[in-house]
Amino acid sequence: MQEKLNVVPFVSVDHMMKLVLATGVERFLIELAAYIEEDFRRWECFDKTPRVASHSAEGVIELMPTSDGETYGFKYVNGHPKNTRSGRQTVTAFGVLADVGNGYPMLLTEMTILTALRTAAMSAVAAKYLAPKGARTMAMIGNGAQSEFQAIAFKAILGVDKLRLYDIDPSATARCQENLAGMGFEIVACSTSQEAVEGAEIVTTVTADKQNATILTDNMVGPGIHINAVGGDCPGKTELHRDILLRSDIFVEYPPQTRIEGEIQQLDPDHPVIGLWQVIAGKAPGRSGERQITLFDSVGFAIEDFSALRYVRDRLKDTGLYEELDLLADPDEPRDLFGMILRAAKSAPVALKAGAL
Ligand code: NAD
């Protein structure tokens with residue numbers, strides 16, 4: 001891959017879908033989860049910074065960079081909860097992987113589908129260490145774009161095969177139920193979030209609303225539950241009642257970012273939280289008691305996207321599921337950039353306006 005200096009492998013949405021189908025969704029999630037775990041184990045090698053967010057009344061646009069010293073990655077991602085009303089996605093993304101040694105991009109890829117996969121893989125990795133052993137029942141509140149990916153990741157990685165679904169929009173629940181039909185789930189569509197959490201060992205909240213919502217109240221959370229809180233990922237955008245946080249052991253990706261964006265923005269800035277990487281690296285315990293309430297306060301961190309980019313780059317090698325993008329100017333003599341334009345004018349004069357050069 002990428003023998004010519006001027007071209008960069010580009011994975012379109014169409015190629016990403018083919019890559020996922022050729023791999024198998026479950027295998028894709030399992031392998032991606034392994035890449036995430038590998039990168040979380042070497043957490044200390046990475047450059048880390050809270051993502052750079054540009055907020056507006058309707059949503060947010062964010063840049064998420066990181067590097068392990070050899071490879072650099074970033075993702076452009078948006079979050080616009082009202083987008084679905086105009087037929088658009090709430091979350092879209094694309095990303096780049098680059099060589100730190102020469103700064104050249106090595107991969108440009110769609111990341112809307114990839115973000116849903118990586119978020120689900122990340123949630124399932126967290127639950128592997130934090131959920132009650134042998135948990136098979138998950139409540140999922142918010143049945144939008146991310147939801148099926150979450151369900152499939154929890155099945156593939158933890159063996160969760162009973163789902164209790166709730167969404168304020170029943171058509172979202174119906175679509176999620178239909179999409180997951182025949183995949184080995186027993187699914188109950190619920191009419192309230194209270195009903196959805198009944199009997200669930202894992203509760204996933206993955207709603208989209210630009211406000212401090214209360215998807216779960218304190219009385220809905222019994223002892224021993226693992227909460228996978230995915231939807232609260234911006235300042236002023238949370239899903240859980242504060243009292244739940246006070247009863248939970250809270251695990252986060254990168255604390256400086258989660259303090260700004262996660263459920264814990266509701267708590268004092270020095271409220272103790274545990275870095276998930278420490279649990280994965282064996283430096284801190286995960287679930288340590290049957291009655292413990294564990295909370296993965298997920299916001300999405302750059303290292304997970306880096307893992308996803310790395311995984312896609314490695315998977316592409318054998319599949320050919322990419323295009324070569326003419327992205328980088330490559331004159332014969334590196335300093336003769338302008339001469340390259342002059343030579344192009346000679347070889348393709350009709351394409352230029354008269355007198356342009
Ligand atoms: P989406 O708009 O496709 O789906 C959201 C669903 O939530 C909709 O079906 C909506 O009806 C439902 N909903 C809204 N309010 C609700 C409520 N009070 N009770 C029950 N259901 C409710 O959005 P999506 O792409 O699935 O993303 C969901 C959320 O996850 C967003 O907030 C997004 O920003 C977030 N997200 C987080 C990460 C992460 O890494 N933590 C990654 C991707 C997306």
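Residue numbers start at 1 and run along the sequence shown. Note that ligands are numbered from 1 as they come in the structure, with each ligand's atoms numbered from 1 the same way.
Side-chain N or O atoms of R242 include one that pairs as donor or acceptor with a backbone N or O of Q266 at under 3.5 Å.
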I would like to know whether D233 and K237 meet salt bridge (charged side-chain N to carboxylate O under 4.0 Å, His left out); could you show each step before the answer?
CA-CA 6 Å; D233 59 355; K237 178 168 174 265; 2.4 Å; yes

query = Stepwise, does the side chain to side chain contact (heavy atoms under 4.5 Å, CB included) test hold for E58 with N83?
reply = CA-CA 9 Å; E58 303 301 336; N83 265 7; over 6 Å; no

Problem set entry | Stepwise ring-ring contact (aromatic ring centres under 6.0 Å, His included) test for Y35 and F306 | CA-CA 9 Å; Y35 272 62; F306 182 92; over 10 Å; no

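Under the 4.0 Å criterion applied to side-chain N and carboxylate O atoms, R41 and E37 are assigned as salt-bridge partners. K75 has no carboxylate O lying under 4.0 Å from a charged side-chain N of E62, or vice versa, which leaves the two without a salt bridge. Looking at D14 and K18, a side-chain N of the basic residue comes within less than 4.0 Å of a carboxylate O on the acidic one, giving a salt bridge.
Residue contacts with ligand 1 for D167 involve both N, CA, C or O and side-chain atoms from C-beta outward (heavy atoms, distance under 4.0 Å). Here R85 has no heavy atoms under 4.0 Å from ligand 1, in either its backbone or its side chain. Residue-level proximity to ligand 1 for I215 is carried by the side chain, the only part with a heavy atom below 4.0 angstrom. For E304, no heavy-atom contact with ligand 1 is shorter than 4.0 Å. Here V230 has heavy atoms under 4.0 Å from ligand 1 in both its backbone and its side chain.
When hydrogens are left out, the protein atom nearest atom 26 (O) of ligand 1 is Q146 N, 2.9 Å; that is the closest non-hydrogen contact. Of the protein's non-hydrogen atoms, G231 CA, 3.7 Å is the one closest to atom 30 (O) of ligand 1. Counting only heavy atoms of the protein, atom 1 (P) of ligand 1 lies nearest to T90 OG1, 3.6 Å. Of the protein's non-hydrogen atoms, the one nearest atom 41 (N) of ligand 1 is S298 OG, 2.8 Å. Nearest non-hydrogen protein atom to atom 4 (O) of ligand 1 is G144 CA, 3.2 Å. For atom 42 (C) of ligand 1, the closest heavy atom belonging to the protein is T119 OG1, 3.2 Å. The nearest heavy-atom contact from the protein to atom 34 (O) of ligand 1 is D233 OD2, 2.8 Å. Atom 21 (N) of ligand 1 has as its closest protein heavy atom I168 N, 3.4 Å.
Aromatic pair F251/Y129: centroids not less than 6.0 angstrom apart. The six-membered or imidazole ring of F301 lies near that of W43, with a centre-to-centre distance under 6.0 Å.
Between R315 and V312 there is no side-chain heavy-atom pair separated by less than 4.5 Å.
Where the criterion is an N or O separation shorter than 3.5 Å, residue side chain and backbone included, I141 fails it with respect to ligand 1.
Of all the atoms in ligand 1, the ones that sit under 4.0 Å from a non-hydrogen atom of V299 are 39 (C), 40 (O), 41 (N). If you number the atoms of ligand 1 from 1 as listed, the ones under 4.0 Å from a heavy atom of K237 come out as 31 (C), 32 (O), 33 (C), 34 (O). Of all atoms in ligand 1, listed by their number and element, those nearer than 4.0 Å to a heavy atom of A172 are 9 (O).
Here the CD-CD distance, from E263 to E239, works out to 6.0 Å after rounding to the nearest 0.5 Å.
Here atom 40 (O) of ligand 1 lies nearest to R118 when heavy atoms of E148, R118, Q89, K210 are compared. Counting only non-hydrogen atoms, the option in V91, T207, L216, V206 that gets closest to atom 31 (C) of ligand 1 is T207.
Within 6.0 Å of CD in E333 there are more than 12 heavy atoms belonging to other residues, nucleotides or ligands.
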